[in-house]
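Heads up, the thing below is written out as structure tokens.
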There are 2 protein chains.
Amino acid sequence: MTRNPIPEIVIGRLPVYLRALTRLLEQGRQVTSSQELGERLGISAAQIRKDLSQFGEFGKQGTGYDIEFLVAKIQEILKVDRVWEVAVVGAGDVGHALVNYGGFHDRGFKIAQIFDNDPDKVGTSYKDIVVMDIAQMQEKIRKAGIKIAMLAVPASVAQEVVDQLVEAGVEAILNYAPVNLVVPPGVRVQYIDPSVHLQTMTYFLD
Amino acid sequence: MTRNPIPEIVIGRLPVYLRALTRLLEQGRQVTSSQELGERLGISAAQIRKDLSQFGEFGKQGTGYDIEFLVAKIQEILKVDRVWEVAVVGAGDVGHALVNYGGFHDRGFKIAQIFDNDPDKVGTSYKDIVVMDIAQMQEKIRKAGIKIAMLAVPASVAQEVVDQLVEAGVEAILNYAPVNLVVPPGVRVQYIDPSVHLQTMTYFLD
DNA sequence: CCTGATTTGTGCAACAAAACACAATCGTGG
DNA sequence: CCACGATTGTGTTTTGTTGCACAAATCAGG
Ligand SMILES: NC(=O)c1ccc[n+]([C@@H]2O[C@H](COP(=O)([O-])OP(=O)(O)OC[C@H]3O[C@@H](n4cnc5c(N)ncnc54)[C@H](O)[C@@H]3O)[C@@H](O)[C@H]2O)c1
Ligand SMILES: NC(=O)c1ccc[n+]([C@@H]2O[C@H](COP(=O)([O-])OP(=O)(O)OC[C@H]3O[C@@H](n4cnc5c(N)ncnc54)[C@H](O)[C@@H]3O)[C@@H](O)[C@H]2O)c1
């Protein structure tokens, strides 16, 4: 069975499954079913089964899924069965919160570098990582072979920083700045903008 | 033409259109077309037109859309033609970044209250907002009639805090904790989890 | 006032995703 | 070792979303 092009919407649900499964593991559970998982996530059991079946047969009829095994499989599919080094650009409030955040380690990521253009910030340490000058960014990222960046600079400079990141070989960008970015094909961008999320919900309020 | 149930996926794109249009306005532009907007956002022009047509006729054939007018219309549709008071729970790194963030004001939101359970934090000021004790949360939220909350507490206590928020009348929650929340019908939750976003992208890396 | 270049709004066709429903399989307990 | 309840994986149906293509409208220039 060769890998068909899997719909991106399916890929997007896998990390959510993974997060829920990890939580079940923490609660000491060993086995779960598509039904139980679906109830917790507000997703139909059939959908979960179909999503997983795109990648193989991971369950046992009559029993369900061995959680530890399924976690390992999804990690493998998502390529987070390794640790990716990540660069953070912008050592402001958001950059600080990200570097300080302990939740990346067991989910496949390690913040390896952080950059800023403010001379007052360059050289200071955030956790155990020293803030480096943006002028060195391309060289450092290229040298370390970093493919993933989180962008936490003001919106006004986001596009220019992105252009540099792409040139340095970055292929995945998580953008906190409230602007749409233009990137060449082959580079992926995801957006985190709390205002966008909130505005999606206000529509449904009275 | 009475309001039909508009697909949620359409609602979710409106804030993105709004953000791009606002940016065009800042750049001094007065008029745009579905084609231009689509190119900037990586969305087909037809889709943008169809999305907007769900709510009325906002454009002029041969000309395009008056940006200021369209912005006002979308703000109205999303109900962000007013300012919503928002409560933040958890005065840690994320809570701090949110309170400090200047980007909510012109997008329909104002952080009005912040709560924590750490006695060292209660009473201190973040920007011009005093951190209040979680014990007072329900009363304060109810009294202010707040309907929207941002949740920035550890995952382990997120569900219990959410239960309290819901009981206090909150109907929209933006959750930063990496857990799926269970809420009664009528309450909306959106999730921000950088690991989930990153894991969606690693699938496509080599 | 006519012509041509644009661009909207939308009916319809094509495509995609989700739900349904059930045979196949598994484990358990008698 | 058989029968039953549980649960998967999947072919089929249903539902939802996107793209296409064009009439209708608008504007500018001659
Ligand atoms: N704070 C939040 O909760 C929040 C929420 C949503 C979005 N955002 C967005 O995230 C981004 C960062 O927000 P923040 O609150 O951390 O802002 P901040 O001002 O605290 O930090 C921005 C940092 O970027 C640095 N910087 C500026 N120009 C740079 C450049 N050219 N190269 C490298 N570094 C540069 C600044 O020196 C500063 O340290 C902004 O785009 C903001 O709109 C923030
Ligand atoms: N920092 C990040 O970049 C980041 C990224 C993604 C997700 N998160 C998540 O966001 C949440 C907050 O992260 P953080 O970095 O700000 O953590 P943090 O530890 O800095 O802050 C958490 C705050 O919540 C408070 N708190 C704990 N229990 C509480 C309770 N029962 N009621 C009220 N307040 C309580 C703590 O006193 C603390 O001030 C966590 O769930 C974290 O996993 C953080």
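Only a predicted model underlies this, so the values are computations on that prediction, with no experimental measurement involved. Lettering follows sequence order; numbering is per chain, from 1.
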Sequence neighbours excluded, every pair satisfying side-chain hydrogen bond (donor to acceptor under 3.5 Å, both in side chains) that has a member inside residues 139-155 of chain A | none
Side-chain touch A:Leu151/A:Val153, heavy atoms, less than 4.5 angstrom | yes
Got a donor-acceptor contact below 3.5 angstrom from the A:Asp163 side chain to the A:Glu167 backbone?
-> no
May I ask you to decide whether A:Asp133 forms a salt bridge with A:Lys121, counting only side-chain N to carboxylate O separations under 4.0 Å?
-> no
Testing A:Glu39, A:Gln47, A:Arg49, A:Lys50 for side-chain hydrogen bond (donor to acceptor under 3.5 Å, both in side chains) with A:Ser34, which one passes?
->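 One option only clears the test, and that one is A:Arg49.
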Roughly, in whole Å, what's the span from [atom1] in [X] to [atom2] in [N]?
X: A:Phe58; N: D:dG9; atom1: CZ; atom2: C1'; result: 12 Å
X: B:Ile11; N: D:dG16; atom1: CD1; atom2: P; result: 15 Å
X: A:Glu57; N: D:dT7; atom1: CD; atom2: C1'; result: 13 Å
X: A:Leu52; N: D:dT8; atom1: CG; atom2: C1'; result: 11 Å

Once each nucleotide of nucleotides 17-27 of chain D is scored for protein heavy atoms under 4.0 Å, what B/S/- sequence comes out, 5' to 3'?
-> SSB-B--BBBS
Taking the six-membered ring of A:Tyr203 as reference, does the NZ or CZ atom of B:Lys79 fall below 6.0 Å from its centre and within a 45° cone about the axis?
-> yes
Would you find more than 12 non-hydrogen atoms of other residues, nucleotides or ligands less than 6.0 Å from A:Gln159 atom CD?
->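 Yes - once you tally the heavy atoms of other residues, nucleotides and ligands closer than 6.0 Å, there are more than 12.
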Tell me, please, the opening and closing nucleotides of DNA chain C, 5' to 3', among those with an atom under 4.0 angstrom from a non-hydrogen atom of chain B.
->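 Using the under 4.0 Å cut-off, the span is C:dT6 to C:dC12.
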Which pair of non-hydrogen atoms, one from A:His105 and one from A:Tyr101, has the smallest distance, and what is that distance?
-> CE1-O, 4.3 Å
